[in-house]
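Worksheet for the structure shown next.
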Amino acid sequence: MTRTFPPLVLPPGLAGATATLQDKDRRRLDDTITRLHTVNGRLWDTEDRVRGALLTAAQVADCKREIDQLNAERNALTERADEILGTFADAGRADAPLHTETLASVVDRLSVLTLRIWHSERASTRDELARRRIPALHRQREELCAALDTLVADALAGRRRLPVPARFKLYGRDDAVLAEIEPSRHLRRVVAFGGLSECGKSTSAAFVRRTCGAQRLKIGFLLRQAAHREGLADPYALSARRQAELLLGELNRFADAHVDTGLFTIESVHDDASIAELKQLMGDTLQIVYLDASFAVRVERSGMPAQAVAAKDEIKMSRGAHQVAALADHVIDNSGSIAALRARLRRIAAPPALARLRVTTPYGLGLPAEVASATADFTDAVRAYEPGVRLAALTGSPGEGTWIPGWSDLDLLVIAEHEAHGRLHEALERYRTTLDGAASLGPTLVTPGEVTARRLTPRLAFALHQLQQGRPVLYAAPGTELPTITRDDLNLAAVRELPQVILTTRRLRADTGPRTLRQLYKHLVLACRLLLREHNRWETGPDQILAAASRMPGLPAFSLPSLAEIAAAWRDGASEQVLKQVTAAIDQLLAWYAAELAA
């Protein structure tokens, strides 16, 4: 149950002085004094609790910790109030007499006296001593209000100087030896989004959650959780350092409870001081992203009147939101396309890493001499295009050692800047001419930007994963960076790709003929590879993949010749019997798949 305390009424002299403040300062002062009065009320209740009912030693210790925390808040709020009230004495003479306490200290005493009167009046019905004290307490309040108004008038007139407001209270904490909180080993990467109103913070965080599997958290939620856990009345009244410690503590708890989550996002960063402290605690584990956009763009996107956006901006700027840009690791101009924004976000959330690749010659891939020679000529041409070309590799069967002449394609992957693609087209044409029908060339051209932004098809992601697992490349430029493709990434890609593969397989099955044997077999293998990946089975080579798939629950074993036999029948034009066997296997797979999803 939340206790309702009597309001704190300021004396007329102080109230009149605060009315002359700028709107922003007046609102901030009103909020701070209200919070201070609330904290004093909670402090009173906690002290009553520890003195009242019989408590265990552990309960007394908890109450004492809560009292320390509330006292720390009380002092932080008093100092915050003095930051504004102290401006009343800016014109004071250096030789003016020094008062013994600050204006906020007197306001704090007025708050406590107001609570004392209220509690005494509540107790007066059952306590005669409390009843007799009430008139004296009211006189004390009148005298304190009069003294406070006199101090305000003297400070404004320069007749009194006010002391420095810093209190340097520790409340049970020995800051000299206090162990500094550190990020949990499970807290691997945190992206914090800042910016002014309607700049795209929420939509950016939602995109990172959707595409990168991030756990999305709000800074306000984390601070409220910390406040509830530690019995704090107002975490925003604490110092920037303490707020940062509370945030890191909550992030650590989430990371320790979700050890499989490698990425967290937090929003919205509106306080430059606390995020600077959090960055100091976390280092590069925390990446601060400031989203920038012109006022006109933000108004247009929001659908709100310009005055409403400006009002929200003013509140955020009063807390230092615009200063976050100077602290940010990444400042993104969000006035452009969604594609550009998302590319930047993917690189920040899942940054590429320097690739460690195994380079080999075409002659080390087990290719026929004429194919290896043509491939070597192409590789030499690509090497001359540096730095436009970053990587060239034969993926699929050449890397797996299962390439079969007359059956297998040469699946070529080239990562190159768009400006180099014209010269690459010429080199690819020469490659085809040199092959002279010895192999069918299937090139995939992609830019470094597309790769590092993870604009990848599932098959391309799998090819990059294989290269990172040690499959050889023909050429890699120094400093080549690639995104890290994990098995979890591929498992998710398999879920997304399998429906398209099944639909294509059904289309091929509906048009079965001698010419479709190769396509049918390759789609059968691909569908089985993806199904096995969903079961966390990782097989290589068509024969091994089909054998493993035959052992999936409920799927009858395939009766198929080996890949070598199927390829020989294809080359020799004797594929009729083999086609029947492949078609029967596909029918088994499609019937099983339909039944599994209908259950």
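If you read the sequence from its start, that first residue is 1, and numbering goes on from there.
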* Asked: Do the ring planes of His421 and His425 sit parallel (below 30°), tilted (30 to 60°) or perpendicular (above 60°)?
  ->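 Plane angle between 30° and 60°, so tilted.
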Okay, side chain of [X], backbone of [Y]: is any donor-acceptor separation there less than 3.5 Å?
X	Y	value
Arg383	Tyr475	no
Ser550	Leu546	yes
Arg209	Ala214	no
Glu539	Arg533	no
Trp592	Pro553	yes
Glu565	Ser562	yes
Asn252	Glu182	yes
Glu267	Ile219	no
Arg487	Asn536	no
His465	Ile485	yes

Give me the atom names and distance for the closest heavy-atom approach of [X] to [Y].
X	Y	value
His322	Met317	CE1-O, 3.3 Å
Val299	Ser302	O-OG, 2.9 Å
Arg423	Ala384	NH2-O, 4.4 Å
Ala557	Gln588	O-NE2, 3.5 Å
Thr402	Leu563	O-CD2, 4.5 Å
Arg347	Gly449	NH2-O, 3.1 Å

State, with a plain yes or no, whether a side-chain heavy atom of [X] is found less than 4.5 Å away from one of [Y].
X	Y	answer
Pro362	Thr379	yes
Arg454	Asp489	yes
Lys218	Ile266	no
Thr444	Val414	no
Trp403	Leu394	no
Phe193	Thr265	yes
Val208	Ile348	no
Leu424	Val382	yes

* **side-chain contact (heavy atoms from CB on, under 4.5 Å), paired with Val190, selected from Gln215, Met282, Gln287** =>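 Looking at Gln215, Met282, Gln287, the match for Val190 under the side-chain contact (heavy atoms from CB on, under 4.5 Å) is Met282.
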* Who passes salt bridge (Lys or Arg N to Asp or Glu O under 4.0 Å) against Lys580, sequence neighbours left out? ->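 Scan of Lys580 (salt bridge (Lys or Arg N to Asp or Glu O under 4.0 Å), adjacent residues dropped) gives none.
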Does atom [atom1] of [X] have more than 12 heavy-atom neighbours, drawn from other residues, nucleotides or ligands, at distances under 6.0 Å?
X	atom1	result
Glu300	CD	no
Arg506	CZ	yes
Arg455	CZ	no

Calculate, to the nearest 0.5 Å, the distance between atoms [atom1] and [atom2] belonging to [X] and [Y] respectively.
X	Y	atom1	atom2	answer
Met552	Leu531	CE	CG	4.5 Å
Leu391	Leu474	CG	CG	8.5 Å
Ser397	Asp409	OG	CG	8.0 Å
Leu520	Thr504	CG	OG1	11.5 Å
Phe254	His258	CZ	NE2	6.5 Å
Gln280	Leu327	CD	CG	11.5 Å

* Could you go through the side-chain contact (heavy atoms from CB on, under 4.5 Å) check for Leu530 and Val495 one step at a time? => CA-CA 8 Å; Leu530 296 175; Val495 172; over 6 Å; no
Kindly list each side-chain donor-acceptor pair under 3.5 angstrom involving residues 363-377, sequence neighbours excluded, with atom names and distances?
unit_1	atom_1	unit_2	atom_2	d
Thr375	OG1	Val371	O	2.7
Thr375	OG1	Tyr431	OH	2.6

Could you pull out every donor-acceptor pair under 3.5 Å between side chains of residues 566-578 and any protein atom, sequence neighbours left out?
unit_1	atom_1	unit_2	atom_2	d
Trp570	NE1	Gly406	O	3.4
Arg571	NH1	Pro405	O	3.3

With a cut-off of 3.5 Å and sequence neighbours excluded, list every side-chain donor-acceptor pair involving residues 333-341.
unit_1	atom_1	unit_2	atom_2	d
Asp333	OD1	Ser335	N	3.1
Asp333	OD1	Ser335	OG	3.0
Asn334	ND2	Cys199	O	2.7
Ser337	OG	Ala340	N	3.1

* To do: Go through the steps to decide whether Leu492 and Asp488 satisfy the test side-chain contact (heavy atoms from CB on, under 4.5 Å), and finish with yes or no.
  => CA-CA 6 Å; Leu492 182 59; Asp488 286 342; over 6 Å; no
Any salt bridge between [X] and [Y], counting N to O under 4.0 Å?
X	Y	answer
Arg390	Glu417	no
Lys279	Asp272	no
Arg189	Asp284	no
Glu198	Lys312	yes
Arg253	Glu250	yes
Arg185	Asp256	no

* Dump the intermediate steps for side-chain contact (heavy atoms from CB on, under 4.5 Å) on Ser202 and Arg216, then the final yes or no. => CA-CA 10 Å; Ser202 296; Arg216 184 181 172 191; 3.5 Å; yes
* Using the test side chain to side chain contact (heavy atoms under 4.5 Å, CB included), find all partners of Arg432 that sit at least two apart in sequence or belong to another chain. =>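 Applying side chain to side chain contact (heavy atoms under 4.5 Å, CB included) to Arg432 gives Leu428, Glu429, Leu441, Pro443.
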* Tell me yes or no: between the side chains of Gln519 and Thr516, is some donor less than 3.5 Å from an acceptor? =>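 Gln519 vs Thr516: no donor-acceptor pair found between side chains.
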* **Which residues share a side-chain hydrogen bond (donor to acceptor under 3.5 Å, both in side chains) with His535, sequence neighbours left out** =>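 Testing His535 for side-chain hydrogen bond (donor to acceptor under 3.5 Å, both in side chains), a comparison that skips the adjacent residues, returns none.
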* Report the C-alpha distance between Arg346 and Phe207 in whole Å, list the side-chain angles of each, state the deciding distance to 0.1 Å, and finish with yes or no for side-chain contact (heavy atoms from CB on, under 4.5 Å). => CA-CA 9 Å; Arg346 289 300 292 268; Phe207 172 77; 3.7 Å; yes
